[in-house]
Structures are given as structure tokens and as C-alpha cells.
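Worksheet: the structure to be examined is printed underneath.
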There are 4 protein chains.
Amino acid sequence: MVQRTPNPQRRSARSHAAILKAAYELCQQQGYARLTIEGIAARAGVGKQTIYRWWPSKGAVLLDVFVDQILARLDAADTGSPLDDLRRRVHTTAEVLADTTIGPHIASLLVDAQADPALAKELHERLVAPARAQHRELIRTAQDRGELRADIDVDLIADTLFAPLWFRLLVTKAELSPDFADSIVDTVMSGTAPAQARPRR
Amino acid sequence: MVQRTPNPQRRSARSHAAILKAAYELCQQQGYARLTIEGIAARAGVGKQTIYRWWPSKGAVLLDVFVDQILARLDAADTGSPLDDLRRRVHTTAEVLADTTIGPHIASLLVDAQADPALAKELHERLVAPARAQHRELIRTAQDRGELRADIDVDLIADTLFAPLWFRLLVTKAELSPDFADSIVDTVMSGTAPAQARPRR
Amino acid sequence: MVQRTPNPQRRSARSHAAILKAAYELCQQQGYARLTIEGIAARAGVGKQTIYRWWPSKGAVLLDVFVDQILARLDAADTGSPLDDLRRRVHTTAEVLADTTIGPHIASLLVDAQADPALAKELHERLVAPARAQHRELIRTAQDRGELRADIDVDLIADTLFAPLWFRLLVTKAELSPDFADSIVDTVMSGTAPAQARPRR
Amino acid sequence: MVQRTPNPQRRSARSHAAILKAAYELCQQQGYARLTIEGIAARAGVGKQTIYRWWPSKGAVLLDVFVDQILARLDAADTGSPLDDLRRRVHTTAEVLADTTIGPHIASLLVDAQADPALAKELHERLVAPARAQHRELIRTAQDRGELRADIDVDLIADTLFAPLWFRLLVTKAELSPDFADSIVDTVMSGTAPAQARPRR
DNA sequence: GCGTAAGCGAGACGGTACGTCTTGTCTTCTG
DNA sequence: CAGAAGACAAGACGTACCGTCTCGCTTACGC
């Protein structure tokens, strides 16, 4: 897992792409747990060292595989209403996590990260933190506009909105339906709406 | 992982206990990820086969190690107020997950279970389902007594209350403090209290 | 190359035999240099660890493969005349070294041993020393009987008789014919015969 | 191992020298077996390709390192007596082979050559054949002058004189002392001297 | 005296084999 | 005769070098 920090300028785009492609395909075929660096190297037609040269672990490769496509799918349209944007965001997050070509693998990455601080750090920096930053921004805007109670901690609202999605994915494995996403938002909103504007569905 | 279903009557209590003890100690020392069946067998002074005979996987052993002590610590005192019981329950769950001799290992078990359906099933049946059953019972009682809105799905309330704890443990690794537990309960309660009894702290 | 000194009693005769057989066959097919522990394990249907458990190196396996059959072929008939026995011995040694299923591999073993003291030691103890002991015995007997000059060092005579065979095998790669064996013996004998019985053929 | 036959005129004398120097030093430090082309290139501050451009193998580099200094040290003074020259030649050969900065490496080269015909050829042409040519010349002159029996094959005498040195270096690893060199010559001479002039020490 | 072709240091590349590790099964010996 | 001890087949691990292949750079011919 040592990195001699090779020169990124000379990196072979061909190999890079082949590795990500092979990793993605094998992950879909066999699942994250059965994936091996040997297997990726073999399918990509690449030396193992080429993988070790550029990634510190299997998880890091998979992070590269998934992070862009996930962030792209999460990108919320700006509707002008931060509350609507937030609801939309919960929906798309639920969709992505429910997608069987993504959700289980992200869950596995999360698992791997429990035992691999470097992977945990990268996962956080590239996936968790950016997503959360957007959530906090939306929440803060809503609070500023008086659409959400301002006396509740931003992080707490974010956790309450998104945690149930991960909880179902990882713990109860219950369905991550759009209805569920809606229910969460409704429930949380009704507790966090300003007193004068509490929705009463 | 094959089980020849040996006669449980002839099981050696001595070995059984030694295995659980060794597994617990090694788990504390090295962490779940570095734990091996070989290591457990060696420390327990037991043949590997004796472990494979009675447990299908490393995770199953660890489940045996942790499940009883966790459920014992979660057992809520019945205060007569289901809402208070529920709040207490969130608190004790947060405490258990925050306990560094338990939380990380449960997290690891959960991770392992993502790739091992048998382990997932057992984890669910012995830990997740019992705890959730109690939660649902408390919620339903509170709804019956009119202390919680009855038009919100029991599971949804349960998810919203407990998911943030797991989310912080697994994803954001933020602190699982009693205050956080309180905040969750407050927030969720304010959204799920009946209209006429909404708390307004 | 570490040996945990496993219990030889529990050694699998099946695997042991399969490994030696595979090593022999691959050695004949590809030659010693292209031989690989991986290859032997694969052909023998054996785990690599099983080879590493019982042999410290590739050369050690090959030594086991060849040592018995070589010593068997060298075993000289006792004709009653130590000089004749000695001559016969030079002949059989030349034959064995000239045998393309043995000579090149022994040469390679010798080469490997130059860089591997453990292998060198074993090669010496199991092959070189036993053969030399027999040579010295024959020479000493001949000296006692007055058939060889007694004022010449036993080792020197042994070296002079057998060294040219190895020299041709390793250095000049010239033919190791029976005639050559005879010529060596004749030449050396004519210098080492007692004055009164010098052959003059 | 392919050579695009580069232009020797443009060869960098600097690199050439650095490579030979690095190879020599590393060979002394680590021994021939642990020597690598990568290591030589690194120590010489040279690209690997520059080595592969001018030498087909590690052995070829080492041959260049040793061949000149060996031949220089073997160069016999012409005393007028071919027999004395021959004896002197056996002495210097023993000295060179006994030199721990040369002998073991030459032995290793010989070993490598067993599996590398190109190296074997070059080793023969540049080291073995020239030395042998001189030996044969001396022997033939001695025979012409009647100082050695003319009915014994030149090659046979050469083998008998020099083979024991290599034998001790490669096989028995016994001492290559001047006394040993003398003993060989004495013994062989006493068998190959003409009948009328046989020495009788 | 200028451009171009080569050699050069550097090092990424696809590979092979290494020796170690762990898994889950099978075998043997022992209390 | 149950179980500890541990050998076994399998195969992934991460490392070391292999020999080939670009890269820019610099050197020195030949036009």
C-alpha cells in the first residue's frame, strides 16, 4: 500500500479507463465483496502494479468508479424554493441508494471504510462532505427565508432527513421508495416548520 | 460454511465459552477486521473445526459475543410513559453505539452482513428485529394513548428516531452524545405530536 | 523460506510424491531454470504452501528428486580390484553426468547452490560427500594394497580423477564419452602407480 | 533481449563506465545472485534501456566487468621453459579463482551460462577459449621439446591440469592454495612426462 | 551552423513469480 | 470417540524485477 507518488503526467489514460471499467463490470457481476485487485487487473489487461501504483486499495478504485456518477445524479435542479429542492434531493438520494447497481456497492464501500481510515477519509471528502455541504446550504437558505425553524441545528435537520435512507439501505433493508422519501420529508418538515406556517396535511 | 448439524447436546461448554471469550478479547485488541478464525481458535486453545462446527462465519461468532450484552443494555425501564420510555431508549441506543468496545464492532458486523445474507438474516432476527419490535410497541402504545399522532406510520417514526444514530456511527462518525439523542427526539416529537399537545420547548 | 518445522509424521505421502513427480516432469520439459514453485504446485495439484512447508527452495525439491536415482546409478559393483572399481566409478559418473535427463539439472543445482548456502550444504551432504567418501575408500584400499602410490594425497587423486568430468559438463561442454573416462583414468594412473608397476600401455 | 544494433560511435562513455562500475560494486556488496539490472541502472544513474541497449543480459555486463582483469592476471611470463610456464599458469589460475572478489562471481557467471546459450557462447569465446588456447600452446610446445609425452591428447592434459581448480571452486569448495596447484602439476607431470625423463620426487 | 536523428535518464507499462496469509476441509493423534 | 492440532488445496495478497515502451532532453552528425 506504499505510494512512491509516480508522475501523474505519464499516467496511461488507456489503462486508467480500462481499470475503472473492469472494476465497474466485475462489481456488478460479482459484487464488491468478491472483487479482487487480481481480478480487476486481469480483466483490464493491466499489471497489478499499475493498480497499486495509482490506488491504495480496492475501495479507492471503486470510489473513483462511483463518485462521479453519483454526484451527477444527485445534482438538484434549483427550483427557487429551497424546501422543494431539499425534498427533491431526498428523492434523488433515495433513488440512487435504491439503484441496485449503486446502492449495495456504496454500502460496501462504507463498510470497508470502517476498517480503512484512508478510504474513510477519501469517501468523506469526495462523497459525503460535498453532498452534505449542499444539504446544509439548502437548509440554511430555507431557514433564512423563514421556511424552516431557525432554532434547530442545521446538521440535525440534515441527519434527520437523510439518515433514514442509509438506515434502510444498511440496517433494515426496507424499501427506499419515493413515498418513503416523501414521508420522511413531510414528517421532518412538520416538526421543523416555523410555528406560523406549520403544514397540517 | 457447511453445517453438518452436529448434536448440540454433546457440545463442549468449555470450548464454547473459550471461543466467545477469545473472540471478544481479540476483537477488542485488534478490531473486527483483523480478527481471524485461526486467531480465535489459537487463543481459545480450540481446533478450528470446533468453531466451524458451530458457527458459519466469523460474524456469527461475534454476533453471539455481542447480542446478549447489547440487548441487556437496551432494556428500557418501563416508566409508565411510553414517550419517556422511547426517549430513554434512544438515549441507551446512542450510549451503546458510542461505546467503543461495542459500537465499532457492531458497525463491522453490519458491514460484513452486507455481503453475507446468512449473517444479515441472523443479525436481523437476533438484534435488529427484537429492538425494533420494542420500539414499535412503544410507539403504538403512545399513539393509542394519544401522545403521538396516529396518522404517521409506526416504522417511519421508528426510522426517524433511530436512523440518525446509525448514520453518525457509520457515515459521518460525528459524536453520539446524549444531547444529540435528545435533539433527535425533540425534533421528531415536535413533528409527530398530536396537534393539541405539540411541545414547544 | 521460513520453516516452522511441521510434524513430519502427518506429512501427506500423496502430496509429497505428487510434488516430486511434477518437479521431475517439469524439469525435463522446461529445464531447471524455467521451473517454478508455482508451476510445480499447479501440476501437482497442491497448494504452494505445502511445498514451502517441506522444502526451503526449488533446489531442495530437485535435490530430493535426483539424489536417490543418482546414488543408485553410481553404486559400483565390488570386483575385488579397487583399481577396477575406481575405473568403473569414473565411467558411471561420466555416464550419469552425460545423461541429458540428469547432467544439466545437476549442473543447475550446483549453480543455484553457489548463491544458496543452505542448498550448497545439503547438496554436499547428500550427494558430494557420500560419493567422495566411496572414492576415498577405494583409493585408500588401492594404496594399502600397493596398487597406487601411497605418497599422494587421497583427495588429490580423487580430484584429479573426477574433476575433468565436471569441468567438461560445466565449462567446456565437451563430450563425456567412455573413452574420455578411460583416458583420464589411464593418465592419472600412470602418474600415481607405484614405480615398480607403472602401466605403460 | 532484442538488440536494435545501435550506433556504437554515439555510445556514451560516461554511462558505459558508470554501468560497469556500479555492476562491479554491487556484485561485491550483494553477490551476483542478488544483482539486478534495475539496481545497476539506479546506482549508475542510468536508464534501464541504456543497459539493455548494449548488453543482452546481466551476465554479459558482468562478463565485461571481469574478463579483462582476469586475463591480465593470468598472463604468464614467458620463462623459456614451457613446463615452468604451465606450472606458473596453474598457480595464477588458482589465485584468481581463489580471489573472493572474482572467483565466486565467475562461478556464478558459469552457472548463469548453463541456462543462457548466448552468455555461454560469449563466456567461452572471451574467457575460456583464449585461456585454453594458451594452455594448449604451452602443452604442445612442451611436447615438441620432448618435455611431455606426445602420445597424450593435448586437451586431456589441459583438462587434467585445470579441472581440479574449477572442481574445488564449484563442487567441493576446498581450498585453492598454491600447494594444491603444485600438487596437481606434480601428479599430472609424473604421469605425462616422457619415460626417459620421469621426475621421481 | 542548423535541423534532425540518435542516445540518454527516467520511469510507466504488461507480466511472472515470489513468499506469505487466510479460508474452510480433511486427517491424524491423543486424552 | 470427541476434539486439539494442524496439514491440506486454493487462491489473493502486496512486492520485486523483468524486458518493452514512451517521454522530453541533450548531444553531435550531415546537409
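Here is how names work: the chains are called A, B, and so on, in the same order as the sequence lines, proteins then strands, and each is numbered from 1.
In terms of position on DNA chain E, the residue among D:A44 and B:R34 whose nearest nucleotide sits closer to the 5' end is D:A44. Between D:L35 and A:I37, the residue anchored closer to the 5' end of DNA chain F is A:I37, taking for each the nucleotide with the nearest heavy atom.
Here the side chain of B:T50 is nearest to one of E:dC8, F:dA7, F:dG3, namely F:dG3. Listed nucleotides F:dA7, F:dC17, F:dA9 differ in distance to A:Q49; the shortest reach to its side chain belongs to F:dC17. Taking every side-chain heavy atom of C:T36 into account, E:dA17 is the closest of F:dA12, E:dG7, E:dA17. Listed nucleotides F:dC18, E:dT23, E:dC8 differ in distance to D:R11; the shortest reach to its side chain belongs to E:dC8.
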task = List the steps, then state whether side-chain contact (heavy atoms from CB on, under 4.5 Å) holds for C:K48 with C:R53.
result = CA-CA 9 Å; C:K48 283 171 28 171; C:R53 187 160 20 235; over 6 Å; no
task = Could you walk me through whether D:K58 and D:Y32 pass the side-chain contact (heavy atoms from CB on, under 4.5 Å) test, one step at a time?
result = CA-CA 9 Å; D:K58 165 175 100 169; D:Y32 182 93; 3.7 Å; yes
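Nucleic acid contact for C:G39: none, since no nucleic acid atom lies under 4.0 Å from a heavy atom of the residue.
Closest approach of D:T101 and D:F66 over heavy atoms only: O-CE2, 3.4 Å.
In this structure, CD1 of B:I51 is placed 10 Å from P of E:dT23, rounded to the nearest angstrom. Look at CD on D:E38: it is 14 Å from P on E:dC13, rounded to the nearest Å. Atom CD1 of C:I40 and atom C1' of E:dA17 are 12 Å apart (whole Å). Regarding B:Y52, its OH atom lies at a distance of 12 Å from the P atom of E:dT22, rounded to whole Å. A straight line from NZ of C:K58 to C1' of E:dT16 spans 13 Å, rounded to a whole angstrom. Taking atom NZ of residue A:K48 and atom C1' of nucleotide F:dG11, one finds them 10 Å apart after rounding to whole Å. Note: CZ (C:R14) to C1' (E:dC26) measures 12 Å, nearest angstrom. Rounded to whole Å, the distance from CZ on D:R53 to P on F:dC21 is 13 Å.
In summary, of the residues considered (C:V61, C:V65, C:D64, C:I37), a side-chain contact (heavy atoms from CB on, under 4.5 Å) with C:I19 occurs for C:V61 alone.
Note on D:S12: every side-chain N or O is 4.0 Å or more away from OP1 and OP2 of E:dG7. Between B:W55 and E:dG24, a side-chain N or O to OP1/OP2 separation shorter than 4.0 Å is absent.
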inquiry  = I need a per-nucleotide contact map over nucleotides 23-31 of chain F, read 5' to 3'. Cutoff is protein heavy atoms under 4.0 Å; write B for the base, S for backbone only, - otherwise.
reply    = ----BS---
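Listed by chain and residue number, C:S15 satisfy the side-chain hydrogen bond (donor to acceptor under 3.5 Å, both in side chains) test with C:S12 (two or more places apart in sequence, or in another chain). In this view, B:E25 and B:K21, B:R43 satisfy the side-chain hydrogen bond (donor to acceptor under 3.5 Å, both in side chains) rule, not counting sequence neighbours. B:V67 meets the side-chain contact (heavy atoms from CB on, under 4.5 Å) test with B:L71, B:R126, B:L127; sequence neighbours excluded. Listed by chain and residue number, A:W55 satisfy the ring pair (Phe, Tyr, Trp, His ring centres under 6.0 Å) test with A:H16 (two or more places apart in sequence, or in another chain).
In this structure, C:R34 places its CZ atom where only 12 or fewer heavy-atom neighbours from other residues, nucleotides or ligands lie under 6.0 Å away.
Near DNA chain F, meaning a heavy atom under 4.0 Å from it, residues 15-27 of chain C has C:S15 in order of number.
Taking the side chain as every heavy atom from C-beta outward, C:I40 and C:V46 never approach each other to under 4.5 Å.
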